[in-house]
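Below is one structure, written out as structure tokens; the observations come after it.
None of the values given here were measured: they were computed from a predicted structure. Any value given below was found using the heavy atoms of this structure, including those in side chains, with hydrogens, waters and symmetry copies removed.
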Amino acid sequence: MSEHLAEHILYAPETGYVTLDVPMLAELPETWDHDGRNFTRKPELHVSLLDAHAVALSQHISEPKLIDAARVAFDRAPVAFRRFSPPLYECQKDGGKSLSIIAPVEVIGLNAAFEALALRALCNLKLPLTHVTLYTAGDPKGIAVKDSIMLAVRCQRMDAPDLAAMVFDEPAA
């Protein structure tokens with residue numbers, strides 16, 4: 001059961017993730033076929049902001065203390081979803097057994113919130129690669145593209161103009 005930390009910010013104790021809710025795109029079909037593979041739309045859309053389990057372990061801080069700091073930081077320095085930002089990417093792990101279609105997003109206020117969180121929790125934090133997993137094939141949880149290195153290793157730009165037209169406000173350049 002997720003815990004509300006601030007407006008549109010949730011914490012899932014079972015996974016350790018702090019996420020930002022993103023409005024569902026009504027135009028997205030339940031399934032999407034691409035290059036002979038069938039993808040299923042995620043039932044809800046979110047941006048993973050913080051893996052609290054991993055941060056607590058690596059920074060030698062208790063997870064409850066980190067989440068308390070996150071609650072205050074995100075309340076005092078609010079963040080908000082702005083928009084999806086081209087291009088789409090197809091990502092894979094486990095030799096292609098798990099696939100995801102992701103879209104980068106712009107999040108307003110994230111730098112200030114992370115600075116406030118790092119100061120409050122007395123830890124070092126790295127800004128996440130802000131994106132939303134739109135579709136999955138294989139593992140329905142997605143494949144965890146946490147940073148630009150994972151993006152470069154696991155993902156490739158996707159040529160799907162019909163899907164891009166449903167996701168982005170303006171066409172990709």
Side-chain angles (χ1 to χ4, degrees), residues 1-25 28 40-93 98-136 139-155 158 167-169:
M1 184 78 165
S2 292
E3 180 182 330
H4 178 85
L5 297 184
E7 189 172 1
H8 303 292
I9 305 289
L10 299 173
Y11 165 60
E14 64 281 359
T15 65
Y17 277 95
V18 174
T19 60
L20 169 64
D21 279 340
V22 172
M24 181 55 80
L25 295 167
L28 289 183
T40 303
R41 188 184 72 207
K42 295 279 288 186
E44 52 84 27
L45 301 180
H46 67 266
V47 178
S48 295
L49 298 176
L50 180 71
D51 181 346
H53 288 344
V55 170
L57 188 62
S58 71
Q59 299 287 314
H60 309 289
I61 182 173
S62 78
E63 192 167 330
K65 180 181 175 186
L66 180 62
I67 294 306
D68 286 344
R71 182 178 289 107
V72 172
F74 286 116
D75 185 56
R76 291 185 181 166
V79 299
F81 168 79
R82 179 166 181 238
R83 69 181 186 123
F84 290 94
S85 181
L88 291 170
Y89 290 93
E90 182 180 313
C91 306
Q92 64 176 293
K93 72 175 184 180
S98 296
L99 302 167
S100 293
I101 297 173
I102 69 170
V105 297
E106 293 177 21
V107 176
I108 299 167
L110 192 59
N111 288 347
F114 262 62
E115 286 175 16
L117 175 54
L119 287 171
R120 186 150 193 92
L122 299 174
C123 65
N124 295 312
L125 294 174
K126 197 168 105 176
L127 284 171
L129 177 74
T130 54
H131 70 280
V132 170
T133 300
L134 302 170
Y135 288 92
T136 60
D139 186 349
K141 294 181 293 193
I143 66 165
V145 180
K146 295 180 181 184
D147 55 34
S148 58
I149 294 171
M150 285 182 157
L151 182 72
V153 170
R154 292 185 174 176
C155 306
M158 186 177 167
V167 174
F168 304 119
D169 294 333

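- Side-chain N or O atoms of Thr130 include none that pairs as donor or acceptor with a backbone N or O of Glu106 at under 3.5 Å.
- Distance check: His131 NE2 to Ser100 OG gives 7.5 Å after rounding to the nearest 0.5 Å.
- Separating the OG atom in Ser2 from the CD atom in Glu44 is a distance of 8.0 Å, to the nearest 0.5 Å.
- Within the 4.5 Å cutoff, side-chain heavy atoms of Leu49 are placed close to those of Phe74.
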Please report the C-alpha distance between Val105 and Val22 in whole Å, then the side-chain angles of each, then the deciding distance to 0.1 Å, and finally whether the side chain to side chain contact (heavy atoms under 4.5 Å, CB included) criterion is met.
CA-CA 10 Å; Val105 297; Val22 172; 5.6 Å; no
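- Ser48 and Pro128 get closest at one heavy-atom pair: O-CB, 3.8 Å.
- Atoms CG and CG, from Asp147 and Leu127 in turn, are 11.5 Å apart once rounded to the nearest 0.5 Å.
- Taking both residues in full, the closest heavy atoms of Ile61 and Ala121 are given as CD1-O, 3.2 Å, listed atom of the first, atom of the second, then distance.
- Checking side-chain atoms of His4 against main-chain N and O of Ala6 turns up a donor-acceptor pair under 3.5 Å.
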If you apply the rule side chain to side chain contact (heavy atoms under 4.5 Å, CB included), what do you find for Leu99 with Glu90, and how did you get there?
CA-CA 7 Å; Leu99 302 167; Glu90 182 180 313; 4.2 Å; yes
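- Residue Ala52 comes nearest to Ile67 through the heavy atom pair CB-CD1, 3.8 Å, listed as atom of the first residue, atom of the second, then distance.
- Without hydrogens or angle criteria, Gln59 side chain to Asn124 main chain gives a donor-acceptor distance under 3.5 Å.
- Counting heavy atoms from C-beta outward, Val47 and Thr19 have side chains that stay 4.5 Å or more apart.
- With sequence neighbours left out, the ring pair (Phe, Tyr, Trp, His ring centres under 6.0 Å) criterion links Phe84 to Phe81.
- Side chains of Val145 and Cys155 form a contact here, defined as non-hydrogen atoms less than 4.5 Å apart.
- Between Tyr89 and Pro104, some side-chain heavy-atom pair lies under the 4.5 Å cut-off.
- Side-chain contact between Leu117 and Val72: absent, with no pair of heavy atoms (C-beta onward) separated by less than 4.5 Å.
- For the 3.5 Å distance criterion, the side chains of Tyr11 and Glu63 qualify, holding a donor opposite an acceptor.
- Leu10 has its side chain out of reach of Val18: every pair of non-hydrogen atoms, C-beta onward, lies at least 4.5 Å apart.
- Using modelled atom types, no side-chain atom of Arg76 and backbone atom of Ala113 make a donor-acceptor pair closer than 3.5 Å.
- Judged by distance alone, the side chain of Thr15 and the main-chain N or O of Tyr17 form a donor-acceptor pair under 3.5 Å.
- Heavy-atom minimum distance, Leu88 versus Ala103: CD2-CB, 3.9 Å.
- Panel note: side chain Arg41, backbone Leu28; a donor-acceptor pair is recorded below 3.5 Å.
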The test is salt bridge (charged side-chain N to carboxylate O under 4.0 Å, His left out); show your working for Lys65 and Asp68 and say whether it passes.
CA-CA 5 Å; Lys65 180 181 175 186; Asp68 286 344; over 6 Å; no
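- Between Met24 and Lys42, the shortest heavy-atom distance links the atoms CE-O, 3.4 Å.
- Contact check for Leu134 versus Val167: side-chain heavy atoms found under the 4.5 Å cut-off.
- A distance of 11.0 Å separates CE in Met150 from OG in Ser148, rounded to the nearest 0.5 Å.
- Rounded to the nearest 0.5 angstrom, Ile9 CD1 and Leu20 CG are separated by 4.5 Å.
- Taking each heavy atom of Arg120 and Ala69 in turn, the nearest pair found is CG-CB, 3.7 Å.
- Environment of NE2 in His8: sparse, with no more than 12 heavy atoms of neighbouring residues, nucleotides or ligands closer than 6.0 Å.
- Looking only at side-chain heavy atoms (C-beta outward), Val132 and His46 stay at 4.5 Å or farther from each other.
- Here Lys146 contributes atom NZ and Leu50 contributes atom CG; the two are 10.0 Å apart, rounded to the nearest 0.5 Å.
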